[in-house]
Enquirer: 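Questions regarding the structure given below will be posed in turn.
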Amino acid sequence: MELSQRIRNITPGGSDGWEVFYRARAMVAAGEPVIELTIGEHDIGTDPAILDAMCAAARAGHTGYAAVPGTPELRDAVAERLTARTGVKTARENVLITTGGQAALFAAHIAVADPGEAALFIDPYYTTYPGTIRGAGARAVPVAAHAEDGFQPRPEEIAAAARRHGARSLLINTPNNPTGVVYSRQTLEGIAEVARAHDMWLISDEVYDTQVWEGAHISPRALPDMAARTLVVGSMSKSHAMTGSRIGWLVGPAEAIAHLANLSTHTTYGVPGYIQDAAVFALRQGEAFEEKIAAPFRRRRDLAARLVAGQSTVRMVPAAGAMYVMLDIRATGISGRDFAERLLDEERIAVMPGESFGAAAAGHLRVALTRPDEELADALARLLALAERLAG
Ligand code: PMP
């Protein structure tokens, strides 16, 4: 039986960029020792105190259907968090609780674009972006950020794409996965200007907002006249090491959130109440807790920078945030994909090829800083040695 164009289009050509990751997982399942530096999964589990809160909530009976847009307590806690961090007054009505940031990304695109309308996103991008946009029925249009600009997007190129495609929205992500780059105030002001001039929604993926090593996280929702056209994607996955709990949010204008709650009613029917209670507990642990979760990634970024500084084949994209570093391996003469395949075959080390994150990241590798320091240092040393061998 024929399936819809829409679902077949999620991964046209059959590739979703996760091939090296799947192959590494299969090797691990077959008992082979592989150092996995692929996905953004912490090397610690969710804190036991959060699990206790989850268990206590379930035992106290919060196991039935929860309020579809989210529990009042969690929506209020998220609203308070955004008010405090951005200075933009945010209320319960501005918050929809979702099954992770991923579901928020999908819902946001359903909300802003009709079938076939263009939705812009910045390349390099988090691997799921184009498939998520296509799954929501919109036309996914990449706008390249360039390695020579330190991967800060150029507002004039976004404006050109907005004009050419009559785009309804622009999706950005800072701190950025895969590059580790944090957008400057100037970049964000330029982007906001383009969004206003072309009457576009801005979908701002801020799931790494607690992982900023230089400067401060700026939410574009806080820029002049942007709150009315910005949907912020947030998540507890990275900030609280709660990836498996699938808990996140979308924050935006109350009217948009009311419509988006309808979408939840007709798709997920909400998020488990005991997980939302655990999320409230986790948010109440405060900033010191979040800093503790983020600290290893900053330390490992520094470790990676030191190792890369000791050779001359591979260059590291200066990373100011998130849990990754991007390595420019163009001097080896082979693609990121071929390098990642060889690294897996020859060294049993799995990293993501830059090409998985779009054409703009070709010739790069994304290394997730998600293994203990010593193991990471060993893997990076072997990666750099392979690059030197290839460069001859
Ligand atoms: N956005 C970005 C940029 C991500 O890297 C991820 C996960 N790696 C997500 C969204 C989705 O995260 P989650 O669904 O776990 O909240």
Side-chain angles (χ1 to χ4, degrees), residues 16-18 21 36-43 45-46 50 70 74 78 81 95-109 119 121-133 135-136 140 142 145 151 153 170-183 202-212 217 219-220 231-251 264 267-268 271-272 275-276 278-279 282-283 290 293-294 297 319-326 351-352 354 356-358 360-361 366-370:
D16 59 1
W18 292 98
F21 168 72
E36 278 193 272
L37 306 170
T38 48
I39 58 169
E41 179 100 84
H42 311 65
D43 49 325
T46 303
I50 298 176
L74 182 55
V78 171
R81 181 185 183 83
V95 180
L96 178 77
I97 303 302
T98 61
T99 48
Q102 188 59 53
L105 285 163
F106 180 78
H109 284 94
F121 63 104
I122 305 295
D123 171 3
Y125 51 83
Y126 171 47
T127 325
T128 68
Y129 280 2
T132 301
I133 294 171
F151 291 111
L170 167 67
L171 167 59
I172 63 167
N173 169 225
T174 178
N176 187 262
N177 175 11
T179 62
V181 166
V182 172
Y183 289 0
L202 184 62
I203 301 172
S204 178
D205 180 342
E206 303 181 22
V207 305
Y208 295 99
D209 67 346
T210 62
Q211 301 176 356
V212 179
H217 171 68
S219 174
L231 296 171
V232 175
V233 173
S235 171
M236 311 278 298
S237 286
K238 314 295 177 177
S239 57
H240 292 77
M242 290 180 72
T243 50
S245 291
R246 314 306 306 126
I247 183 92
W249 55 79
L250 200 51
V251 169
S264 294
T267 51
T268 59
V271 178
I275 291 186
Q276 296 194 62
L283 289 173
E290 292 164 29
I293 303 277
F297 304 118
M323 56 210 294
Y324 316 96
V325 292
M326 263 226 144
V351 299
M352 294 289 277
S356 295
F357 307 99
R366 187 195 74 174
V367 179
L369 306 172
T370 48

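The structure presented is a predicted model; accordingly, all values stated were derived computationally and were not measured. Read the numbers this way: they start at 1 and go in the same order the structure lists the ligands and their atoms.
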Enquirer: Using a 4.0 Å cut-off to any heavy atom of S235, which atoms of ligand 1 qualify?
Expert: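 Heavy-atom distances to S235 below 4.0 Å select 13 (P), 16 (O).
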Enquirer: Could you tell me which atoms of ligand 1, counted from 1 in the order shown, lie closer than 4.0 angstrom to a heavy atom of G101?
Expert: 13 (P), 14 (O), 16 (O)
Enquirer: Please assess V325 against L369 for the test side-chain contact (heavy atoms from CB on, under 4.5 Å), listing each intermediate value before the final yes or no.
Expert: CA-CA 7 Å; V325 292; L369 306 172; 4.0 Å; yes
Enquirer: For ligand 1, is there an atom lying under 4.0 Å from some heavy atom of N173?
Expert: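 Checking ligand 1 against N173, which is what was asked, there is a heavy-atom contact under 4.0 Å.
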Enquirer: Please state which protein non-hydrogen atom is closest to atom 9 (C) of ligand 1 and give its distance, to 0.1 Å?
Expert: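 Among all protein heavy atoms, the one nearest atom 9 (C) of ligand 1 is Y126 CE2, 3.6 Å.
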Enquirer: May I ask you to test the D205-I172 pair for a side-chain heavy-atom distance under 4.5 Å?
Expert: no
Enquirer: Side chains of L171 and H109: does their closest heavy-atom pair fall under 4.5 Å?
Expert: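 Answer yes - side chains close enough.
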Enquirer: Can you name the closest pair of heavy atoms from Y208 and V212 and give their distance?
Expert: O-CG2, 4.4 Å
Enquirer: Between Y129 and Y125, what is the ring plane arrangement, given parallel below 30°, perpendicular above 60°, and tilted in between?
Expert: parallel
Enquirer: Nearest protein heavy-atom contact for atom 8 (N) of ligand 1: which residue, which atom, what distance?
Expert: K238 NZ, 3.0 Å
Enquirer: I need the nearest protein heavy-atom contact for atom 15 (O) of ligand 1: residue, atom name and distance, please.
Expert: S237 OG, 2.6 Å
Enquirer: Looking only at protein heavy atoms, identify the closest one to atom 14 (O) of ligand 1 and say how far it is in Å.
Expert: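 The closest heavy atom on the protein side is R246 NH2, 2.7 Å.
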Enquirer: What is the closest protein heavy atom to atom 10 (C) of ligand 1, and at what distance does it sit?
Expert: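 For atom 10 (C) of ligand 1, the nearest protein heavy atom comes out as D205 OD2, 3.4 Å.
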Enquirer: Restricting to non-hydrogen atoms, name the atom on H240 and the atom on I50 that form the minimum distance, rounded to 0.1 Å.
Expert: O-CD1, 4.3 Å
Enquirer: Who's closest to atom 12 (O) of ligand 1 heavy-atom-wise, of M242, Q102, M236, M323?
Expert: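 Heavy atom nearest to atom 12 (O) of ligand 1 belongs to Q102.
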Enquirer: What atoms of ligand 1 come closer than 4.0 angstrom to any heavy atom of N177?
Expert: 3 (C), 4 (C), 5 (O)
Enquirer: Can you list the atoms of ligand 1 that are under 4.0 Å from a heavy atom of G100?
Expert: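 Near G100, the atoms of ligand 1 are 14 (O), 16 (O).
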Enquirer: Do F106 and T267 have side chains that approach each other closer than 4.5 Å (heavy atoms only, starting at C-beta)?
Expert: no
Enquirer: What's the shortest heavy-atom distance between S219 and E206, and which atoms?
Expert: OG-OE2, 2.8 Å
